[in-house]
Amino acid sequence: LNRTMFISSQTSEPCFRDFTLLLPAVAVGNVGQLAVDLIVSTLNMSRVGHIHTDCLIPMSGNNPYATCKDDAEELHTPAEVYTAAELKLAVLQIRAPIIQTKSKKFRQLLVSWIKSSGFSRTVVLSSSHAYQRDDQQLQGNPLRYLVTPSLLKVSADALKELGWKEMERVPAFPGLPDANAEPRLLIPGGGISKGLYTDSCAEDLPLAVLLLFCSEGDNIPDAFALVNHLNDWLHLLDTHGQQATKWKIPASWNLLFGSGIPPALF
Amino acid sequence: MATFFGEVLSVFSRAVEDEEEEEAEENEEDEQIRRELEEKREVHLHWSPEVSESLASGNKLQCSDFILAVGPNAARFLSVYVLASANWNAVGRASVWNERSRAAAGQSGEEAAACVFYRHKEQPSVLVCQVTCHVAEDQLFQWTEKVLDCLQHRQLSVTVLSDGSLADYKTPDYLSGSSAPFLRSLHTAAFSDRPVCRSLEQPNIVTGLAAAVLNHCQVHRIAAIVYQCYSDVAGPDSVTMETYKPALTKLGRSLQLDLSPNSDVLRKFTRSTEIQSNLYI
């Protein structure tokens, strides 16, 4: 029984051929999801459909990107696909946590949807626990990347020019010089990032993971850091100088820290 | 997570540990236990002989209005205002087993009565369901799919009444106790009627069974609306129940319900809480 499907919210099926797909990993501090919110809201992308699946915890709300009263009352679901056709860009926003026992199934469904839709490349925006970094990962800026061999083939030059740091593999037994133990890829707190990456390597899918080491708290600055980092590569937004001011914060980011304060408090 | 004032909020981390993935090579016994647990968590529908016969022959339930009440106050509102008249037949129930079922198993009477479907005697296209049991996160999607699959979709209109806590309602203004309880609505694109209250403001969201039903209806283009009642009383409360009344005005007219509380039923519900409250004997 295949319970996941892309369901178009328009009258015709959208075409994703040769589009770049961006999606968040539900991870530490929700940084990937916040970064995707900035992209959808800033580029004014239009919703083309839902990913309707039993792998995500149900939630719904009104339009998170509402700009005026007229477009506020519009139902939105836990996983939706947005496009900006002129940029050949599609975004899958995931707004709910994945049901833990179904994370493998969710990954498989994503991979098969990505394959059948004909995306030219997929970029996963993710984060990882800052406190679990090892010594080498503590150095330099907190941004890392991973690319599958099939994406490396076409993007090697671009990545070299960017001078990005690849996510370090950590030794299986730190401190023990064991020649037989291969260093492992670990993304603690990164949700499905690692699984999605290894699945894509096996399936020969062109996919990249961009991630940021961070801690839970006010993760808005982290989201800006990640989205600016992505923009250095994909040039979604023309930027000269002040980048942070160009991204548009969506309405749904209001009251992240709760309601108004009772006046009787003072 | 610490806030501006330094108090620590119990915000759980969404960062799913991927370490569990590493141990994917579980043995056969683990796998069997997992499979059996999954089977046990399956949602089952038990319809009356008449309904199951018609479903078996491929005829879905003819349904024009499906009213779903989720939570103690929403369910009791239906009991007190709607189902108190003798015009309803119980036609089925949904059974759900999960981690919270065991605790409730002692009160076996209550357990059996959770998730019951009623049909109106004169207008059998009106179906009502009360959900008072806990439906776990991994069961919500399945519950919704199974139940709505039994209903004919054409001309179907779904109304969900759902209990919410005032503490979960976000607003830039400070809410004093006197403003609660109140209703907020959220509807699918196919819903063309006028909601009886204000639409749920961002960044508020709806979760649980109400959200599962809304999502299902949105992707299947069924007219559906959720009325979420934000209340500062957790137990059975007549004022909170009354808040739901406007949501059923239109249906009440077509069914010729008088939508006034049945005092006998109301007394039964409120008395049960009086007994529990033993702060002052």
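Here is how names work: the chains are called A, B, and so on, in the same order as the sequence lines, proteins then strands, and each is numbered from 1. These numbers come from a predicted model, not from an experiment.
- Interface summary for chain B: among A:Ser60, A:Gly61, A:Gly49, the most heavy-atom pairs under 4.5 angstrom belong to A:Ser60.
- Between B:Pro172 and A:Asn254 there is no side-chain heavy-atom pair separated by less than 4.5 Å.
- Around the CD atom of B:Glu29, the shell of radius 6.0 Å holds no more than 12 heavy atoms that belong to other residues, nucleotides or ligands.
- The part of B:Tyr169 that comes within reach of chain A is its backbone (N, CA, C, O), which places non-hydrogen atoms under 4.5 angstrom from that chain.
- For a heavy-atom cut-off of 4.5 Å, chain A lies close to B:Asn215, B:His216, B:Gln218, B:Val219, B:His220, B:Arg221 in residues 215-228 of chain B.
- The neighbour count for B:Lys60 NZ, taken as heavy atoms of other residues, nucleotides or ligands under 6.0 Å away, is above 12.
- No side-chain heavy atom of A:Ile57 sits under 4.5 Å from any side-chain heavy atom of B:Thr207.
- No more than 12 heavy atoms of other residues, nucleotides or ligands lie within 6.0 Å of CD in B:Glu137, so this atom counts as exposed by the packing criterion.
- A distance of 13.0 Å separates CH2 in A:Trp253 from CD in B:Gln202, rounded to the nearest 0.5 Å.
- Looking only at heavy-atom pairs under 4.5 Å with chain B, the residue among A:Pro64, A:Gly195, A:Ser8, A:Ser9 that has the most is A:Pro64.
- Chain A forms the most heavy-atom pairs under 4.5 Å with one residue out of B:Asp138, B:Ile205, B:Val206, B:Thr188, and that residue is B:Val206.
- Across every non-hydrogen atom of B:Phe141 and A:Asp54, the tightest pair is CD2-CB, 3.2 Å.
- Atom OG in B:Ser185 sits 6.5 Å away from atom CD in A:Glu73 (nearest 0.5 Å).
- For the atom pair CG of B:Leu186 and CG of A:Leu75, the computed distance is 5.0 Å after rounding to the nearest 0.5 Å.
- No other option in A:Ile99, A:Leu56, A:Thr101 has as many heavy-atom pairs under 4.5 Å with chain B as A:Ile99.
- Without hydrogens or angle criteria, A:Asn62 side chain to B:Leu200 main chain gives a donor-acceptor distance under 3.5 Å.
- Heavy-atom neighbours of chain A within the stretch residues 153-162 of chain B, taken at a separation under 4.5 angstrom, are nonexistent.
- Interatomic distance, A:Met59 CE to B:Leu140 CG, rounded to the nearest 0.5 Å: 13.5 Å.
- Here the NZ atom belonging to A:Lys102 is positioned 6.5 Å from the CD atom belonging to B:Glu38, to the nearest 0.5 angstrom.
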